[in-house]
Amino acid sequence: MTERLRLGVNIDHVATLRNARGGQHPDTVRAARMAVAAGADGITIHLREDRRHIRDDDVERLAREITQPINLEMAATVEMVRIAVAARPHAACLVPEKRTELTTEGGLDAAGLRGILAPVVRTLADAGIQVALFVDPDERQLKAAQELGAPAVELHTGTYCNATGAARAAELTRLACAAAACARLGLECHAGHGLDFENVAPIAGLPQVVELNIGHFLVGEALFVGLDQAIRRMRGIMDQARAEPRR
Ligand code: PXP
């Protein structure tokens with residue numbers, strides 16, 4: 001297993017901290033540059049309907065100033081599609097979004113929302129944006145993603161991260177089966193949500209997973225060790241898990 005696992009660093013919570021006081025500090029473009037220097041392969045941002053962290057001008061500045069791939073997480077709404085098509089990020093990950101949630105709570109119901117998702121996937125793809133659907137590790141959802149023509153999915157790792165003991169082991173098995181199903185269905189497999197130093201290795205060791213998106217933990221850890229060190233350590237754990245065969 002030699003392929004380098006990509007790391008997308010989600011910098012939403014750099015913007016959360018900035019927004020607590022307004023102004024420009026800490027700056028998202030500076031954080032993105034530092035993340036890339038520390039080993040991030042791309043920068044992930046979620047422009048939410050309520051703009052609680054990333055704002056429209058962050059999307060514009062990052063798209064203009066960062067040469068590494070930008071992955072825009074977005075709800076499948078007319079407004080977000082318009083913004084994505086104008087900004088032309090490398091990739092867009094369609095996520096479900098509820099106003100009252102603290103963070104993305106579950107995967108997208110790709111199977112139930114085909115009518116809404118089909119034109120969105122098509123419009124983004126026509127604009128040259130690689131589309132991923134953020135889904136739970138459930139084969140029905142993966143099949144729906146494939147039928148919708150999405151080239152990639154991001155598996156929701158939140159349940160795995162929040163679980164302990166046997167429940168975590170069972171969720172890891174679900175994720176492993178879903179990652180294998182992605183390969184059978186011809187879907188590029190990404191994963192993310194809730195990953196940290198302690199829980200990332202088994203996910204990084206899944207051979208079909210080619211990209212992890214990690215944010216909240218890294219930005220929090222940056223308070224103690226700096227963004228550079230936090231990302232370098234995460235990169236190291238991911239690379240080691242990738243190099244070792246899964247036990
Ligand atoms: N992937 C998706 C689709 C997400 O919505 C998020 C949270 O914005 C992440 C990954 C990153 O999750 P976390 O901040 O818990 O690392």
Side-chain angles (χ1 to χ4, degrees), residues 5-17 19 28 31-32 35 40-55 58-59 62 69-77 80 84 89-99 101-110 117 120 124 129-137 141 145 150 152-163 171 175 178-179 187-201 203-204 209-223 227 230-231 233-235 237-238:
L5 180 58
R6 297 197 302 261
L7 170 61
V9 172
N10 180 315
I11 58 167
D12 288 350
H13 297 300
V14 173
T16 304
L17 194 54
N19 297 351
T28 50
D41 301 290
I43 299 299
T44 294
I45 47 176
H46 185 176
L47 183 68
R48 295 185 72 102
E49 186 195 7
D50 62 10
R51 310 302 198 264
R52 70 173 72 154
H53 37 59
I54 292 295
R55 300 187 302 225
D58 291 308
V59 179
L62 288 160
I70 302 285
N71 172 30
L72 179 67
E73 296 173 357
M74 53 179 272
T77 62
M80 289 301 151
H90 167 80
C93 182
L94 297 177
V95 298
E97 201 174 295
K98 292 191 215 118
R99 255 173 194 275
E101 69 190 358
L102 287 177
T103 181
T104 317
E105 282 169 357
L108 200 60
D109 181 10
L117 295 174
V120 172
L124 295 172
I129 300 167
Q130 189 201 55
V131 183
L133 303 187
F134 185 53
V135 292
D136 290 323
Q141 300 296 348
V153 292
E154 180 168 326
L155 300 178
H156 193 320
T157 53
T159 306
Y160 157 82
C161 294
N162 290 332
E171 191 60 20
L175 286 159
L187 291 165
E188 187 171 299
C189 185
H190 308 169
H193 211 282
L195 295 171
D196 61 23
F197 292 152
E198 179 262 327
N199 61 28
V200 73
I203 304 298
V209 175
V210 300
E211 177 178 308
L212 298 183
N213 286 296
I214 310 180
H216 182 266
F217 175 79
L218 288 174
V219 174
E221 190 64 9
L223 294 175
L227 193 57
I231 293 170
R233 184 163 165 208
M234 184 62 83
R235 204 35 299 154
I237 298 171
M238 286 167 53

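All ligand and atom numbering here is 1-based and tracks the order in the structure. Position 1 is the first residue of the sequence; numbering continues from there.
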T157 side chain vs H193 backbone, donor-acceptor pair below 3.5 Å: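 It does hold such a pair.
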
Donor-acceptor contact below 3.5 Å, side chain N19 vs main chain H53: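 Between the backbone of H53 and the side chain of N19 there is a qualifying donor-acceptor contact (under 3.5 Å).
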
Part of D12 within contact of ligand 1 (heavy atoms, under 4.0 Å):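 Just the side chain.
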
Ligand 1 contact on E154 by region, counting heavy-atom pairs under 4.0 Å: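 Near ligand 1, E154 shows its side chain, while the N, CA, C and O stay back.
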
Polar contact flag for G192 and ligand 1 (N/O pairs, less than 3.5 Å):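 N/O-N/O distance under 3.5 Å: no.
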
Under 3.5 Å: N/O of G194 near N/O of ligand 1: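 Indeed, backbone or side chain, G194 has an N or O that close.
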
Exercise: identify the closest heavy-atom pair between H156 and T159: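 What the structure gives for the nearest pair is ND1-N, 4.4 Å.
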
Option with minimal heavy-atom separation from atom 2 (C) of ligand 1, where the choices are E211, H216, H156, E73: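 Among E211, H216, H156, E73, the closest heavy atom to atom 2 (C) of ligand 1 belongs to E73.
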
List every atom of ligand 1 that sits less than 4.0 Å from any heavy atom of [X], numbering the atoms from 1 in the order shown and giving each element.
| X | result |
| --- | --- |
| I214 | 16 (O) |
| N213 | 10 (C), 11 (C) |
| V95 | 3 (C) |
| N10 | 8 (O) |

Residues D58, R51: salt bridge by 4.0 Å N-O rule: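 Salt bridge flag = no for R51 with D58.
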
Contact with ligand 1 for F134, non-hydrogen, under 4.0 angstrom: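 Yes, that is the case, since the closest heavy atom of the residue is under 4.0 Å from the ligand.
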
Audit row: M234, I214, side-chain contact (heavy atoms from CB on, under 4.5 Å) steps and yes/no: CA-CA 9 Å; M234 184 62 83; I214 310 180; 3.9 Å; yes

Test item: side-chain donor near acceptor, N213 and E211, under 3.5 Å: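 Yes, because at least one side-chain N or O of N213 sits under 3.5 Å from a partner of the opposite role on E211.
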
Donor + acceptor pair across side chains of Q141, D136 (<3.5 Å):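 Their side chains do not contain a donor-acceptor pair, so the 3.5 Å distance test is not met.
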
